[in-house]
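In what follows, chains carry the letters A, B, and so on, assigned in the order in which the sequence lines appear, proteins first and then strands, with residues in each chain numbered from 1.
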Amino acid sequence: MATPRKTKKQVLFAQGNEAVVEGALLAGCTFFAGYPITPSSEIMEEMARRLPRSETGVFIQMEDEIASMGAIIGASLAGRKVMTATSGPGFSLMQEHLGYACMTEVPLVIVNVMRGGPSTGLPTSPAQGDVQQARWGTHGDHPIIVLSAASVQECLEMTVTAFNFAEKYRSPVILLLDEITAHTREKIELPLPGEHEIFNRVVPSMPPEWYKPFEDTMRGVPSMPPLGSGYRYHVTGLTHDVMGFPTQQPDEIKALIERLFRKIDQFYTDIMLVDEYLTTDAEVGVVAYGSVARSAELAVAQAREAGVNAGLLKLKTLFPFPRPFVERLARSCKTLIVPEMNMGQMSREVKRVAASLTHIRTLNRIDGQIITPSQILKAITQG
Amino acid sequence: MTVVEFLAQAEDLVSPGLSACQGCAAELALRTAMKVIGPKSVVGIPPGCVAGFGAPGWGLKTGMKVPVCMPLLGNSASLMSGIKQAYAAKDPEVRVVAFAGDGATVDAGFQCLSAAAERRENIIYICYDNEGYMNTGFQKSGTTPHGAHMSTTPSGSCSQGNAAFKKDLPLMLAMQDAAYVATLSVSHIPDFVDKLKKACEVTDGLSYLHILSPCPTGWGTTPELSIEYARKAVETLYFPLYEYSRGTFTISKPTLRAAAKAKPVSEFLAGQRRFRHLCEADALALQEHVDRKWGILSRLAG
């Protein structure tokens, strides 16, 4: 007799940070290493309660964020789905390891709940000042996937997506939240089993002696066995050949770096996620992400009531930058407004791709306060 | 001059009106330490309770009467090394002090503290150890005792609180041959003052002072009992008072007296909310740990 399908969704009243934990567990995360830091600590505290309940779950509190990254990279190499969570100061400490994970192609998820900066900054206030750091914080040319979430429900969903991308593309994935999204409590629904596709990394199917750990393929993403499972697998931050060993050969160096970029770039249609709201006939477009996108949504609705054809492009993927969507909106609008809680980090990207297509206006707030709907509405009605 | 007379006449270099929790031992430790260290000093207070309750200053209403800065969680010893080296040529008598919590000392800041001791930087590094990250939600730190219920080591069906044992920083720095190492308790102020005076006299390396700082908010005790818990920690040998200098360990008098008829650790654990879930076996594990550590220390001092 078939077991009755569970069809009623479980409803929670949760913080964004708690929703991240729900998403991570749903995606199959069994390993968390971290170091407490406001405003992300609830992710760690909830993981400390939840992970030990499962047979294989591992939770470790590390001595700092450098060590947190070391531990999750190790666990990911050993085959686990892994995550850490932090905020700006900790994210800065993680940068060397982030490059190591890019170079060694280790799947992992970093949640960075952005607070005011630079440095210790504003531990309990929202900001979006780490956007370009997420893209370029670690040294050297490297591709990276950076996601964001605007609501508590999205925190859950984007965490699942972050794990899927990490596993699918063997890449570190950064989920950028802000303090408002992380600490706001609202109603969320837990997805039903099977509702979200869960992707697990591809493991090699050939005999160990045929395995080339960094072989180029059509996908550009090599298969990844757990370290110690019988497949010879050399891991190094040095530039390496297809066998993983250090190389100085120009052709091999070029091939590696180009593949690292290609494995992300060629799948941009899968990776670039946006939500469009009333953009079809929009004359004034708003490009926003994170909690600002929620203010923007209300502002766009109010502008419509006032007779202005406004529309919102909400970026859920920040990098690779969703260029085609921004270009399309820029072509149909006479003005694009980019509100964000920094001095203009994402508007730089918008200007880079759309400066010749439309008029671009920035709306920046760096005083530790949220950007309100009325601020955005005012910018929209001014055209 | 007695210690009481000394403390009564010494200038309080820390402003009144700090917003520490009631019964916070760290505030008492800071005020007492600064009375001994004196006004010719520069102080660094990294993020933690003492920085949070306003010792480096929120606005111009609070702060200290000496230059004070707020380094990062992980760089107190290196930043203060820079200040000391910059002053050394001009005026070597300027005392450079770090007043850091346990998280900033034994976790994130350990690498630079150990390196500063190795370079024999002439700074006074004081750790106020309240056994956790107490100003950010009571997460465990490297000095959180075994069995303690903290927000990242919750007790429950599959955990009895912190699985690890308290990291012994003073002993580690003694093994590194830091110029002067001592453990201090706010329950034994004459000993406390004496050790600070010795730290101030050191000219050839790093002084490391480790103060056990009862935290009513995080430990789950009532504010008026802070000194009593500090005393119990000494009397049960949970926190032995001793000094290390030039290859010699010396057990301090309060601990020598306590060792003669040491009380069980359970007397220190009793009444603390963070330990209330502990069963007898857990308490025994802690007792064994204390006995083992005391055995090592008494042999070193033998």
Side-chain angles (χ1 to χ4, degrees), chain A residues 15 17-18 21 32-71 84-96 113 115 117-124 179 182-183, chain B residues 44-49 51-52 56 58 69-76 79 100-114 131-144 148-164 166-167 169 172 218:
Chain A
Q15 275 188 339
N17 280 340
E18 292 163 353
V21 173
F32 183 99
Y35 185 71
I37 182 166
T38 308
S40 76
S41 295
E42 292 85 359
I43 296 176
M44 176 177 196
E45 290 166 7
E46 187 65 10
M47 277 298 199
R49 283 188 282 270
R50 299 284 290 274
L51 275 176
R53 288 184 201 162
S54 76
E55 242 169 67
T56 54
V58 177
F59 167 87
I60 321 179
Q61 180 173 335
M62 304 302 290
E63 70 274 23
D64 62 16
E65 290 86 351
I66 300 173
S68 306
M69 281 294 284
T84 189
T86 190
S87 185
F91 191 53
S92 290
L93 287 182
M94 291 177 174
Q95 295 303 325
E96 188 188 13
V113 182
R115 66 191 215 184
S119 192
T120 319
L122 299 163
T124 55
E179 190 272 341
H183 280 161
Chain B
I45 303 178
C49 290
W58 290 124
C69 65
M70 192 170 154
L72 294 170
L73 201 57
N75 74 351
S76 300
L79 193 140
D102 44 293
T105 302
V106 311
D107 289 344
F110 177 62
Q111 179 173 324
C112 69
L113 171 58
S114 172
E131 306 192 319
Y133 294 88
M134 298 314 200
N135 68 320
T136 58
F138 318 110
Q139 296 90 1
K140 85 117 197 162
S141 79
T143 63
T144 299
H149 169 99
M150 306 290 285
S151 62
T152 54
T153 58
S155 61
S157 55
C158 46
S159 160
Q160 279 299 304
N162 185 25
K166 189 178 175 79
K167 188 169 171 179
L169 245 282
M172 288 165 84

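At a 4.5 Å heavy-atom cutoff, the contact between A:S119 and chain B is made by side-chain atoms alone. In this structure, no portion of B:S159 lies under 4.5 Å from any heavy atom of chain A.
Using a 4.5 Å cut-off on side-chain heavy atoms (C-beta onward), B:D107 and A:D64 make no contact. Inter-residue side-chain proximity for B:T152 and A:Y35 is flagged as unmet; no heavy-atom pair is nearer than 4.5 Å.
The CD atom of B:Q111 lies 9.5 Å from the CD atom of A:E63; values are rounded to the nearest 0.5 Å. Note that CD1 of A:I37 is 10.5 Å distant from CD of B:Q139, once rounded to the nearest 0.5 Å.
Residues from residues 42-49 of chain A that place a non-hydrogen atom less than 4.5 Å from a non-hydrogen atom of chain B comprise A:M44, A:E45, A:A48, A:R49, given in numerical order.
Other residues, nucleotides and ligands contribute over 12 non-hydrogen atoms within 6.0 Å of the CD atom of A:Q95.
Remark: the backbone N or O of B:K140 is paired with a side-chain donor or acceptor of A:Q61 at under 3.5 angstrom.
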